[in-house]
Structures are given as structure tokens and as C-alpha cells.
Enquirer: 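Next up is a structure, given as C-alpha cells.
Atoms considered below: every heavy atom in the structure, side chains included; atoms not considered: hydrogens, waters and symmetry mates.
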Amino acid sequence: MRRHPCRGEAGREVTAPSDRGAEVGRRIGVGLMYGLWKPRVLGAWRVPASGPAILAVNHSHMVDGPMVMGTAPRPAHFLIKKEAFVGPLDPFLRGIGQLKVDRSVPDRTAITQALDVLADGGVLGIFPEGTRGDGDFASLRAGLAYFAVRSGAPVVPVAVLGSTERRGRLIRGLPPLRSRVDVVFGDGFEAGDGSGRRTRKALDEATVRIQERLTAHLENARRLTGR
């Protein structure tokens with residue numbers, strides 16, 4: 001699908017994220033994730049086969065994003081903190097269609113690119129907690145609600161479980177090689193109330209609805225997987 005150039009701050013043209021690059025990223029993710037660990041994927045069929053969708057992923061380990069990229073049935077463009085775009089990772093992440101976001105300010109470039117992904121019927125990946133933590137969706141930022149309400153795209157909850165249970169022997173910062181990591185996709189839902197309102201109150205209400213759905217999905221995923 002062709003992407004149109006988008007405009008960032010001060011009207012500067014910004015390279016739109018590449019669909020082809022995201023597919024390459026997905027294939028790399030498949031090879032790495034299934035080669036290094038043993039992902040068990042549940043409910044992948046719940047991701048819409050076409051059209052815009054937002055994957056809302058809990059975040060407790062740095063492998064969570066690549067794990068979802070490698071197990072989701074469609075290529076995804078993740079919003080990733082700008083601090084990760086250093087050295088050779090910068091052109092690599094851009095090349096596989098990932099989006100750099102400055103979390104300290106309203107990043108207009110990242111917002112425009114993310115909305116462009118959804119407007120073109122693509123899949124946007126978001127860590128709604130904003131940073132790594134307990135991965136329990138206890139504290140959500142408003143960004144997910146904004147993208148969901150603005151685009152009308154369904155939110156698909158994703159729970160990654162097992163990435164922090166144990167440390168690897170060879171690389172202490174990663175899960176043990178060949179260990180099982182569960183990725184559970186939930187039912188998609190509309191975050192808005194159907195009115196189309198984008199007021200602060202509407203976004204706050206949408207954030208509450210999203211948090212309730214994500215928390216319920218996480219609890220269900222833990223029951224299903226026994227984790």
C-alpha cells in the first residue's frame with residue numbers, strides 16, 4: 001500500500017513508515033523469536049485480517065515488542081522511545097517501519113506518522129504504559145485513547161507473559177534461551193463511545209474503558225496460561 005508523505009513540526013516533510021519495511025521486520029522477528037525462544041501464541045486470529053488496528057501490549061521486558069512483531073499475523077509499526085534509536089539501531093528501526101517518539105513532549109511527527117499508518121489500514125503497536133514496568137496495565141498514558149478515538153481503529157489487547165520470570169544464564173538481561181514465552185491476543189474493541197467526540201473528557205473516559213478491558217484481558221491471559 002502506498003504511503004503519502006506526512007508533515008512533522010514546522011511543516012517539514014517526514015518519511016512515512018514503510019509497509020514493506022514492517023513486513024521485513026516481521027520476518028526478522030519470526031526468525032529471532034522462534035529461533036531463540038519458544039513462543040506460544042494464543043488468539044492471533046483475533047487480529048483483524050485487514051484494515052486499521054492498534055495492538056496494545058503490556059511491557060515488562062525489552063523483548064516484548066520484538067516478540068509481538070514476530071508472532072502477530074500482520075506486520076506492525078511500533079511507537080518506540082527515541083532513546084532506542086542510537087547508532088546502527090537508528091537506520092535499522094526506521095528501515096523496518098518503526099516509529100521514533102519523544103515521550104517528553106507532544107511529538108507531532110510521531111503522532112502524524114502513527115495516524116498515517118492507521119489511515120492507510122495498517123497495524124500500530126503501542127505500549128500504553130509508556131515505559132517498562134510490571135506489565136500490568138496499572139497506569140496508562142492518554143496516547144492510546146487519542147489514537148483509538150481519532151482513528152476509530154479497534155484496540156486489540158496483547159499480553160506477553162514469561163519474559164521476566166527467569167534470567168538467562170548466557171545473557172542475564174534476556175529470558176533463558178529456548179524458554180517458553182506466551183503471547184495472548186484478545187478481542188478487539190472500540191475505545192470511543194460512538195459519539196465521535198475528541199474532547200478531553202471523552203479521551204479520559206476512553207482511557208478508563210481501555211484500562212478496564214486491558215486489565216481484564218491480562219487476568220484472562222494469566223488464567224489461560226497458568227502464569
Side-chain angles (χ1 to χ4, degrees), residues 1 3-4 6-11 14 16-17 43 46-59 64-65 68 72 74 76-82 98-160 184-221:
M1 183 178 296
R3 293 211 180 279
H4 304 285
C6 54
R7 298 281 173 179
E9 295 186 27
V14 178
R46 293 187 170 100
V47 178
S50 62
I54 300 174
L55 303 181
V57 187
N58 68 324
H59 197 22
D64 295 341
V68 174
R74 295 174 59 189
H77 304 266
F78 271 85
L79 283 165
I80 301 174
K81 63 182 181 180
K82 71 173 185 178
Q98 306 310 295
L99 311 179
K100 179 171 73 172
V101 59
D102 185 344
R103 298 174 299 172
S104 64
V105 297
D107 191 334
R108 295 181 182 178
T109 297
I111 292 170
T112 301
Q113 289 183 316
L115 290 174
D116 184 61
V117 166
L118 296 171
D120 278 355
V123 176
L124 179 67
I126 295 181
F127 302 111
E129 296 161 289
T131 187
R132 287 202 303 271
D134 293 332
D136 57 2
F137 295 123
S139 178
L140 302 190
R141 294 193 172 192
L144 173 54
Y146 174 80
F147 289 122
V149 172
R150 174 77 182 269
S151 68
V155 177
V156 178
V158 187
V160 181
V184 186
F185 294 86
D187 292 319
F189 63 92
E190 301 293 332
D193 61 4
S195 69
R197 293 181 301 126
R198 302 175 188 171
T199 62
R200 170 55 59 186
K201 181 179 179 182
L203 292 179
D204 288 344
E205 292 173 350
T207 298
V208 171
R209 282 192 292 272
I210 289 171
Q211 186 166 30
E212 291 174 348
R213 293 291 294 266
L214 298 187
T215 300
H217 171 67
L218 183 59
E219 293 174 353
N220 183 56

Enquirer: Quick one: OG1 on T207 to CD on Q211, what's the gap to the nearest 0.5 Å?
Expert: 8.5 Å

Enquirer: For the residue pair P154 and P52, what are the closest heavy atoms and their distance?
Expert: CD-O, 3.3 Å

Enquirer: Roughly how far, to the nearest 0.5 Å, is the CD atom of E190 from the CD1 atom of I210?
Expert: 10.5 Å

Enquirer: Minimum heavy-atom separation for H217 to V184, with atom names?
Expert: NE2-O, 2.9 Å

Enquirer: Does the D107 side chain pair with the main chain of D102, one donor and one acceptor, at a distance under 3.5 Å?
Expert: yes

Enquirer: Are D193 and R209 close enough, and set up right, to give a side chain to side chain contact (heavy atoms under 4.5 Å, CB included), and what steps lead you there?
Expert: CA-CA 9 Å; D193 61 4; R209 282 192 292 272; 3.9 Å; yes

Enquirer: Would you please name every residue forming a side-chain hydrogen bond (donor to acceptor under 3.5 Å, both in side chains) with R46, sequence neighbours left out?
Expert: D187

Enquirer: Side-chain contact, heavy-atom cut-off 4.5 Å: V117 with Q113?
Expert: no

Enquirer: Measure the spacing between CZ of R103 and NZ of K81 and express it to the nearest 0.5 Å.
Expert: 5.0 Å

Enquirer: For the residue pair P17 and L99, what are the closest heavy atoms and their distance?
Expert: CB-CD2, 3.5 Å

Enquirer: Among V57, V123, L55, whose side chain to side chain contact (heavy atoms under 4.5 Å, CB included) with V156 holds?
Expert: L55

Enquirer: Please report the interatomic distance NZ(K82) to OG1(T109), rounded to the nearest 0.5 Å.
Expert: 12.0 Å

Enquirer: For I54 and L144, which heavy atoms make the closest approach, and how far apart are they?
Expert: CG2-CD1, 3.5 Å

Enquirer: Please round to the nearest 0.5 Å and tell me the distance separating atom CG of L79 and atom CD of Q98.
Expert: 9.0 Å

Enquirer: Of the non-hydrogen atoms in P48 and R74, which two are nearest, and what is the gap between them?
Expert: O-NH1, 2.9 Å

Enquirer: Can you name the closest pair of heavy atoms from Y146 and L203 and give their distance?
Expert: CA-CD2, 3.8 Å

Enquirer: Side chains of P128 and L214: closer than 4.5 Å at any heavy-atom pair?
Expert: yes

Enquirer: Between V155 and I126, is the side chain to side chain contact (heavy atoms under 4.5 Å, CB included) condition met? List the steps.
Expert: CA-CA 10 Å; V155 177; I126 295 181; over 6 Å; no

